2 protein chains.
Amino acid sequence: MTRKLTILDIAKLAGVGKSTVSRVLTNDPKVKIETRERVEQVIQESGFVPSKSAQAMRGGSAKVVGVIISRLDSPSENKAVSGILDVIYAAGYDAVIMESQFSAEKTNEHLSVLQKRNVDGVILFGFSGCDLSIVESLNHKAVVIAVDTGQISSVGYDNYGIIELAMANLQQQGKQHISFIGVDPSDKTTGLMRLNAYIEYCESANIEPSYQTGQLSHESAYELTDHVLKPETEAIVCASDTLAMGVAKRLQELDRSDVLVSGVGATDLLSFIFPNTFSIDPGYYAAGKASASLLIKQLAGCHDVTHLTQKAMIAQ
Amino acid sequence: MTRKLTILDIAKLAGVGKSTVSRVLTNDPKVKIETRERVEQVIQESGFVPSKSAQAMRGGSAKVVGVIISRLDSPSENKAVSGILDVIYAAGYDAVIMESQFSAEKTNEHLSVLQKRNVDGVILFGFSGCDLSIVESLNHKAVVIAVDTGQISSVGYDNYGIIELAMANLQQQGKQHISFIGVDPSDKTTGLMRLNAYIEYCESANIEPSYQTGQLSHESAYELTDHVLKPETEAIVCASDTLAMGVAKRLQELDRSDVLVSGVGATDLLSFIFPNTFSIDPGYYAAGKASASLLIKQLAGCHDVTHLTQKAMIAQ
DNA sequence: CTGTTAGCGCCTTCAA
DNA sequence: TTGAAGGCGCTAACAG
């Protein structure tokens, strides 16, 4: 392997000065088309690759954004990350993805690493108990997803709308006896907000509430099903597809194919396996795109703190 | 926000020369302990963070490895990535993750970006039709997962062992009529190799083979089920959990709870929803760890080309 | 239009 | 044990 080439080598090879090479690299319009072609020719042939580290150091921007996801294997976050990547690649940035595993400590570690790396910005998937103080100090170089904080831009899911959408849909189908299974309210968004949304909807729609909360797992929902299932129950709304999976499984065992189940997450597997089922899509992909666009806008100089709420829709 | 500090600022603040600060940063032993403490003190107080870009440019190593995954939402690759991250973080590296979406073109784009970024190494999740020529030129700075190539280190899954394990397990349970559903053999590993493993196992075990291949989707497997299901069928081995899900679903509809189904991937959902089911774990997490360890060893100077095969096991 | 000249922030000889 | 000086690869004035 030959030594790494630099613009100086290219300059010599092309018989020009190194700044001309630099100009070609940066698409500076004031280069004679002819010269440019010659330089590009040489670059091609020699397989020269400009050093990002040097560019980053010179220009101050590494064209990198950090993405701190809570769990790599979360389908919802995956969808959002896809949206993020699409946007930031298009804008010429790269992403370094890190996993917080819902640990505030790990998150802060990651943040400090990202800071060392001179990343241009950060997108953080928030979680209950996550410490936003460091992120806030990043000011206009960060966007938080899924939790709201006054000081820093965010993209949130419409936790109320999600549940309302499910409830309204069921009501339209003539269902009146609708139960709910969620997760522990110590989780502010998926837990508390969705539960409250259910309770409030029941009040305003004159539905007798019947609900249980537990862990975010199939098993937990499976076990809780019997506690909210009455002979007259017509539907069960779940705070997530994972829960819906457990509920639907239990209903199947009990031969209660009359009970409709709704989840949140747009997992195609759910309705494939259990027909009398539907899912609400909180708009993960769109939220990812939105957060990335927001960040890029801020990096470009827009210093407003914006709070977006992603609109939910019925999956498919 | 104050201007970014440099070692020079720290040097002045601490009343030393900038090289001394640099020495402190690099843990150079020849610094009077007293001086070091003073410098570290100042660094703490001022919140100085050395610029990785500058370090990278100077030293040549950015302490970054690129990871090119085929799909972010692939549960199997997620597990492997977790393994990779665990290892490389521990070794002081960071990861920039990119998604190839099974496109050779995108992969090459990503590779060129990574090269520009001066990453220390690359881990690539291979796929059929993926163009390894560029990766090969990276020589000892790359590891490929899931496909084998002579020239470059790799960690592969034991596609034969995976199927053999499933078959043997079924035989032990007294099953003799075992069918197979896989994916199109144009996919070399999940498709061709696993199919061949099935056929060969049948030969040596004197089992009448009965198989179909299609797409890697629940629907495809669902539809193919009837083609391999005979009254005497006792089990169906599937090339992946996704397929197994489709097959189990169809069997449930047909009331064939007598037929056992096996998948590949260790998805907990599979056996949760369908009891008469089990899954083979190709060792994704371990493979991820192995590939990262391999890469780091190579970056540290070991220039052997190593090919590892991850051992499969029955999930749980 | 193009070449020359400074640095960017850091690490590393080379002297002291 | 420490400071001064040089240079990594690149970009951005500043002159031609």
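Quick caveat, the model's predicted, so the values are computed rather than measured.
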Tyr284(B) and Asn78(B): side chain donor to acceptor below 3.5 Å: no
Base dT4(C) to side chain Ser19(A), donor-acceptor N/O within 3.5 Å cut-off: yes
Touch class at under 4.0 angstrom, heavy-atom based, for Lys30(A) against every strand present: base
Which atom pairs, one a donor and one an acceptor, fall under 3.5 Å between side chains of residues 94-102 of chain A and the rest of the protein, sequence neighbours left out?
| unit_1 | atom_1 | unit_2 | atom_2 | d |
| --- | --- | --- | --- | --- |
| Asp94(A) | OD2 | Arg117(B) | NE | 2.7 |
| Asp94(A) | OD2 | Arg117(B) | NH2 | 3.0 |
| Glu99(A) | OE2 | Leu72(A) | N | 3.1 |
| Ser100(A) | OG | Ile69(A) | O | 3.4 |
| Ser100(A) | OG | Phe102(A) | N | 3.3 |

Touch class at under 4.0 angstrom, heavy-atom based, for Thr35(A) against every strand present: sugar-phosphate
Touch class at under 4.0 angstrom, heavy-atom based, for Thr26(A) against every strand present: sugar-phosphate
Separation of atom NZ in Lys52(B) from atom C1' in dC8(C), rounded to whole Å: 18 Å
Minimum side-chain heavy-atom gap Val147(A)-Leu132(A) below 4.5 Å: yes
Side-chain donor/acceptor contact of Arg58(B) with base of dG9(D) under 3.5 Å: no
Length of the NZ-P vector between Lys12(A) and dT4(C), whole Å: 12 Å
Gln55(B) vs dG9(C): side-chain N/O to OP1/OP2 distance below 4.0 Å: no
Ser133(A) versus Asp131(A), side-chain donor and acceptor atoms under 3.5 Å: yes
d(CG, Asp28(B); P, dT2(D)) in whole Å: 10 Å
Length of the line joining Lys18(A):NZ and dC1(C):P, which is rounded to integer Å: 23 Å
Atom-to-atom span, NZ of Lys32(A) to P of dT2(C) - whole angstrom: 5 Å
Rounded distance in Å - CZ (Arg38(A)) to C1' (dG3(C)): 14 Å
Comparing Ala54(B) and Val31(B) on DNA chain D - which has the more 5′ nearest nucleotide: Val31(B)
d(CD, Glu34(A); C1', dC1(C)) in whole Å: 12 Å
Proximity to the side chain of Ile7(A) - top-ranked nucleotide from dA4(D), dT11(D), dG3(C): dT11(D)
Touch class at under 4.0 angstrom, heavy-atom based, for Ser22(A) against every strand present: base
Glu77(B) (side chain) donor-acceptor with Ser70(B) (main chain) under 3.5 angstrom: yes
Nucleotide nearest Thr6(B) (side chain, heavy atoms from C-beta), chosen from dC10(D), dA4(D), dC10(C): dC10(C)
Touch class at under 4.0 angstrom, heavy-atom based, for Val16(B) against every strand present: sugar-phosphate
Leu5(B) CG to dC8(C) P, straight-line distance once rounded to whole Å: 14 Å
Residue-phosphate contact under 4.0 Å: Ser51(A) side-chain N/O, dC10(D) OP1/OP2: no
